[in-house]
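Read the structure below first, then the notes.
What you see below is based on every heavy atom in this structure, not just the backbone, and it leaves out hydrogens, waters and symmetry mates.
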Amino acid sequence: MSKIQVLDQNTINQIAAGEVIDRPASIVKELMENSIDAGATMITVEIKDGGTSLIRITDNGSGIDPDDIQIAFLRHSTSKIKSALDLMSVSSLGFRGEALSSIAAVCQVELITKTKEQMLGTRYKIEGGREISFDEIGVPDGTTLIVRNIFFNTPARRKFLKTAQTEAGYISDIVEKIALSHPDISIHFVGNGQTKIHTSGNGSLKDVIYSIYGKDVLDNLIEIHAENDFMKMSGFIGKAIISRGNRNCENYFINGRFIKSNIINKAIEDGYKFILMQHKYPFTALNFDIRPELLDVNVHPAKMELRFRKGEAIYPWIADTIHQALIEKPNIIPVALEKTKKAPQKQRSVPEPFEEKRVVQTIRQPQTQTSLKTEQGYVAEEANYNAGKPVQQTLTEVSDDFLTTAAKPRHKLIGQVFDTYWIIEYENKMYIIDQHAAHEKVMFETLMEKFRQKKISTQMINPPVILNLSMSEAALFNQYRDHFQALGFEIESFGGQDFALRGVPADLYSLDSGDVFMELLDELSQETGRMVPDMITDKIASMACKAAVKGNNLLTAQEMDALIEQLLQLENPYNCPHGRPTIISMSKYELDKKFKRIV
């Protein structure tokens, strides 16, 4: 008797649905993308119980012709392509033709739609892939899709769904991503009868960012516009002060679509290297326009992964563009007053008034310019902001340049506190410098420059330090022997698995040579899969950290003045190699407010 059987169509459809629909958020993503492809300028998403019992998506798009409705629910039915040749030029969000078929296979679906050419619309019901009804109905132009009881006919899969609150969070994340990638579409998201997100659709990405993330993020954005021969990058990146503990706010879109790419993830994060602290991740809202022929966007049925050619050129260009944008803005963190407490808000659709906290944005200006915003400037900003004018037009960027040659003679060195921090008065601000972070950055930049110019010198040790390495340690050292030599280490075999450390980088001569080498070797053992240039840079950062003056060390005023002089020469003196700030500031105005001199 034959053991191999051909599956029935219903089973085939349910298996295929599993490739596209794994939870309610997948349904929302597919249907919202269909609405966008239909030319909608307004989309409303309503859910109940995390989308498990109800998802309703309404748009004002082109609608579906009655003759196409039943065909639209067949597998691999699409209006976007006709043959394999069209795959090379498709630019719409959804064209695989699996969304409606997959949703209908595992849910109870009701479609209400009307094109502008039709007098009446159509209501079509299909459950578990089985047609229930097909009727005419009076409705406005556009499409409404109602999805009830996900996995009603596959209870085993329903058990793998999480709590309603968690599933709602997944949906909210998808809606946010689509809102950020399409600021020209008004998106309204309602959960259990409460509005969660509402964007205006006025085309302003900053307004969408404000609606989702609030004013603190809005106040700390850097705008980016760049392009090369094969791609454009535009949008906003966040300053270090609004970094996060996970990648949830790394928003980027490729040709208007939210897609994941390891290359782009790494490029963005490397652009922030030595600006963000370890285990911190940036806020971004970036759109990449890439020529379609360079992309394969439908590798994965869920269309969330990306393959493209020219990855070797894309990565360094993105990382360098982001890095340059960041270092053009000073990252001296202002210590501001606490906000007045307000009741939590469920949504932000219009700008809220200035609160007590005031953040002055600054940019690096030519060294001859120094200016300071007056209190009258704050008042004018507050009036403009409350009037609803764009922040970009009201927050005037002014020169701080505390760290400029022109400003240096006017520094007033007040003294050291806790044998760690130095206080300097300049103009109407108080600056506090972390001596370890500052010296670490100076050491790092010095070592990196020497490494780039192949000028790292070696200090010989007599007698040499004998190191006994394990088999794996010896193999690791032999793998990276040339890189250790480039860093200034001179090591040779001493018989068996013993090695003689005869020379160390001259800048690290004061440290325990054997310990430094072994720590670097231990760190390398955890760097599998990383690029060698990255590893070398990290090792130089570690070397700088070990050689830098520590906290709780007393420095003289002359030594501190010399350290500030060295900071002046750096391209980005505002963060140590591990991302910690070297300098923070507090204005006289903030102090006066604290002491109630200003009400």
Side-chain angles (χ1 to χ4, degrees), residues 270 273-275 278 434-470 472-494 497-527 530-551 553 555 559 562-573 575-580 582:
D270 280 4
K273 200 165 189 177
F274 311 125
I275 291 175
Q278 290 181 328
D434 180 332
Q435 65 186 30
H436 171 69
H439 192 221
E440 184 183 354
K441 187 56 182 278
V442 168
M443 290 289 296
F444 171 74
E445 294 289 353
T446 301
L447 286 168
M448 281 296 295
E449 186 61 25
K450 288 181 179 179
F451 179 78
R452 283 190 289 264
Q453 297 184 8
K454 299 182 178 180
K455 291 183 178 180
I456 288 185
S457 57
T458 300
Q459 175 67 50
M460 302 308 293
I461 304 172
N462 192 14
V465 176
I466 307 302
L467 303 170
N468 181 264
L469 305 183
S470 67
S472 61
E473 289 171 337
L476 193 63
F477 166 68
N478 285 323
Q479 180 181 354
Y480 293 107
R481 181 189 290 265
D482 292 344
H483 302 296
F484 274 104
Q485 184 175 350
L487 291 175
F489 290 94
E490 185 168 311
I491 306 173
E492 59 185 41
S493 298
F494 200 66
Q497 290 177 199
D498 289 343
F499 291 82
L501 177 61
R502 298 189 179 277
V504 295
D507 297 275
L508 306 183
Y509 184 67
S510 60
L511 302 177
D512 187 307
S513 306
D515 285 349
V516 170
F517 173 78
M518 289 306 299
E519 285 183 33
L520 295 178
L521 196 63
D522 289 342
E523 290 176 20
L524 275 174
S525 67
Q526 304 172 24
E527 302 290 351
R530 297 194 66 205
M531 299 171 62
V532 169
D534 286 345
M535 292 189 291
I536 291 175
T537 303
D538 283 351
K539 300 321 138 198
I540 290 178
S542 296
M543 291 160 59
C545 183
K546 291 173 175 62
V549 63
K550 302 297 186 289
N553 281 1
L555 294 184
E559 289 172 324
L563 180 57
I564 295 175
E565 191 70 43
Q566 291 174 304
L567 281 175
L568 297 182
Q569 312 306 317
L570 304 184
E571 185 179 44
N572 172 26
N575 304 86
C576 81
H578 300 101
R580 293 192 303 107
T582 58

Is it the case that the side chain of [X] and the backbone of [Y] share a donor-acceptor pair, with hydrogens and angles ignored and the cut-off at 3.5 Å?
X    : Y    : result
K441 : N575 : yes
T458 : P505 : no
N478 : A474 : yes

Margin query: Heavy-atom count check: over 12 atoms from other residues, nucleotides or ligands less than 6.0 Å from Q485 CD?
Written below: no
So do [Y] and [X] actually touch side chain to side chain, heavy atoms under 4.5 Å?
X    : Y    : result
R580 : H436 : yes
V504 : I461 : yes
R502 : I491 : no

Euclidean distance, [Y] [atom2] relative to [X] [atom1], rounded to 0.5 Å:
X    : Y    : atom1 : atom2 : result
E490 : L501 : CD    : CG    : 9.0 Å
N468 : M518 : CG    : CE    : 9.0 Å
F489 : Q459 : CZ    : CD    : 13.0 Å
Q479 : F484 : CD    : CZ    : 10.5 Å
K450 : E445 : NZ    : CD    : 13.0 Å
L563 : Q435 : CG    : CD    : 8.5 Å

Can you see which heavy atom on [X] is nearest to which on [Y], and at what distance?
X    : Y    : value
A437 : C576 : O-CB, 3.7 Å
L567 : P573 : O-CB, 3.6 Å
Q566 : L570 : O-CG, 3.7 Å
L555 : E559 : CA-OE1, 3.4 Å

Margin query: Parallel, tilted or perpendicular: which one describes the rings of F499 and F477, with boundaries at 30° and 60°?
Written below: perpendicular
Next item on the list: Walk me through it: do M443 and M448 pass the test side chain to side chain contact (heavy atoms under 4.5 Å, CB included)?
Entry: CA-CA 8 Å; M443 290 289 296; M448 281 296 295; over 6 Å; no
